[in-house]
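The structure under discussion appears below in the form of structure tokens.
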Amino acid sequence: MDQREVAVHEALLGEPLPVELMNSIHIDREVEIYDLVGDETRAAGWVGAISPRLPPAADGGQESGGTALGEQDVRRLRALRDALRALAADVTQAPPQFVAPSAPSRQNALETVNRLSGRSRIWPVLEWPAGGEPTGAFDTSAAHGDYVVSSLARQASELFSGPQRARLRACLAPGCDRYFIKDHSRREWCTRACGNRARVARHYRRHHGGAARAPRG
């Protein structure tokens with residue numbers, strides 16, 4: 001696994017895929033910005049890392065052309081990410097560092113999610129090999145990029161319209177701008193590292209006053 005692949009896997013927190021997509025960029029103005037879907041190569045690495053968690057595609061269900069992502073696919077993926085971050089900021093009342101200057105309005109974000117959800121027609125199929133067990137999958141005539149973007153947009157619609165919306169949180173640890181689903185009553189941070197930084201910052205403020213600056217972990 002090369003350094004780029006390590007960076008992708010370290011950025012994935014095991015959150016629902018729409019939240020993982022929200023967390024594919026760090027927009028803090030005081031440190032170097034990173035974008036895990038910033039170009040075709042990085043986007044392909046990110047999609048490859050999350051692909052086992054996408055709805056399983058039936059064999060031969062996608063257009064020929066493999067799993068490569070084109071420039072338009074990457075633009076749509078980033079547009080979906082920006083739309084989801086804008087909606088998440090609205091839901092969580094996130095502080096300013098969570099919102100990019102170019103963030104879409106709430107209405108534009110909704111339009112983007114719904115438009116990209118319809119990029120591909122996807123339908124369930126039954127696969128049952130001779131002598132094996134039946135399994136469910138999904139079939140589509142769409143290219144790989146459209147299948148990925150549509151699947152993520154549809155999962156995002158389910159997240160924001162379902163019970164997970166009420167558990168969506170912005171991580172308020174110093175230097176963090178990630179989102180997470182609060183899956184435990186005592187969970188307040190996206191990772192343990194962020195929890196440790198927040199406790200260090202609180203300790204510093206109590207004993208020294210002012211705000212402690214902590215690096216992003």
field: C190 side chain reached by L13 side chain, heavy atoms, under 4.5 Å
entry: yes
- prompt: Without hydrogens or angle criteria, can the side chains of S24 and R81 be said to hold a donor-acceptor pair below 3.5 Å?
  reply: yes
message: Nearest 0.5 Å, please: how far is CZ in R121 from CG in D139?
response: 9.0 Å
message: Here's one to test your reading of the geometry: is the NZ or CZ of R192 within 45 degrees of the ring axis of W189 and under 6.0 Å from its centre?
response: no
field: Polar side-chain atom of N108 near backbone of P104 as donor-acceptor pair, under 3.5 Å
entry: no
message: Nearest 0.5 Å, please: how far is CZ in R167 from CZ in R165?
response: 11.0 Å
message: Suppose we screen for ring-ring contact (aromatic ring centres under 6.0 Å, His included). Which residues come up paired with F180, at least two apart in sequence or across chains?
response: none
message: Tell me if a side-chain donor or acceptor on S150 pairs with a main-chain N or O of R119 at a distance below 3.5 Å.
response: yes
- prompt: Should L87 and R106 count as side-chain neighbours, where that means a heavy-atom distance under 4.5 Å?
  reply: yes
task: Report the distance from atom CG of L152 to atom CZ of R76, rounding to the nearest 0.5 Å.
output: 13.5 Å
- prompt: Rounded to the nearest 0.5 Å, how far does CD of E15 lie from CZ of R53?
  reply: 8.5 Å
field: CA sep, side-chain torsions, deciding dist, call: W46, L21, side-chain contact (heavy atoms from CB on, under 4.5 Å)
entry: CA-CA 9 Å; W46 187 86; L21 181 58; 3.8 Å; yes
Worked check of side-chain contact (heavy atoms from CB on, under 4.5 Å) between C171 and D177: CA-CA 6 Å; C171 182; D177 54 18; over 6 Å; no
message: Looking only at the aromatic ring of each residue, does the gap between the centers of F138 and Y147 stay below 6.0 angstrom?
response: no
field: Note, Q155 side chain near P16 side chain (heavy atom, < 4.5 Å)
entry: no
field: Salt bridge R75-E71, side-chain N to carboxylate O under 4.0 Å
entry: yes
query: CD1/I50 to CG/L12 distance, rounded to the nearest 0.5 angstrom?
result: 8.5 Å
message: Does any part of the side chain of L77, heavy atoms only, come nearer than 4.5 Å to the side chain of D73, both counted from C-beta?
response: no
query: With a 4.5 Å limit on heavy-atom distance, are the side chains of E127 and P56 in contact?
result: no
task: May I have the step-by-step check of side-chain contact (heavy atoms from CB on, under 4.5 Å) for H144 and L69, ending in yes or no?
output: CA-CA 7 Å; H144 178 65; L69 298 177; 3.9 Å; yes
Worked verdict on C194 versus R178 for side-chain contact (heavy atoms from CB on, under 4.5 Å): CA-CA 10 Å; C194 274; R178 289 184 291 220; 3.8 Å; yes
query: Does a side-chain N-to-carboxylate-O contact under 4.0 Å join R85 and D82?
result: no
query: Does some side-chain heavy atom of R187 sit less than 4.5 Å from a side-chain heavy atom of I181?
result: no
- request: Step by step, work out the salt bridge (Lys or Arg N to Asp or Glu O under 4.0 Å) result for R42 and D39.
  value: CA-CA 5 Å; R42 283 180 286 177; D39 57 36; 3.1 Å; yes
Pairwise distance OG1(T92) to CG(L172) - rounded to 0.5 angstrom: 8.0 Å
Beyond-backbone contact of V37 with I25, side-chain heavy atoms, under 4.5 angstrom: no
- prompt: Looking only at atom types and distance, does a side-chain atom of S117 sit under 3.5 Å from a main-chain N or O of V113, one as donor and one as acceptor?
  reply: no
query: Is there side-chain contact between F160 and L168, with at least one heavy-atom pair below 4.5 Å?
result: yes
task: Return the minimal non-hydrogen interatomic distance between P52 and A49, and the atom names on each side.
output: CD-O, 3.6 Å
query: Could R169 and E188 be called an ion pair, given the rule that one side-chain N must be under 4.0 Å from one carboxylate O?
result: no
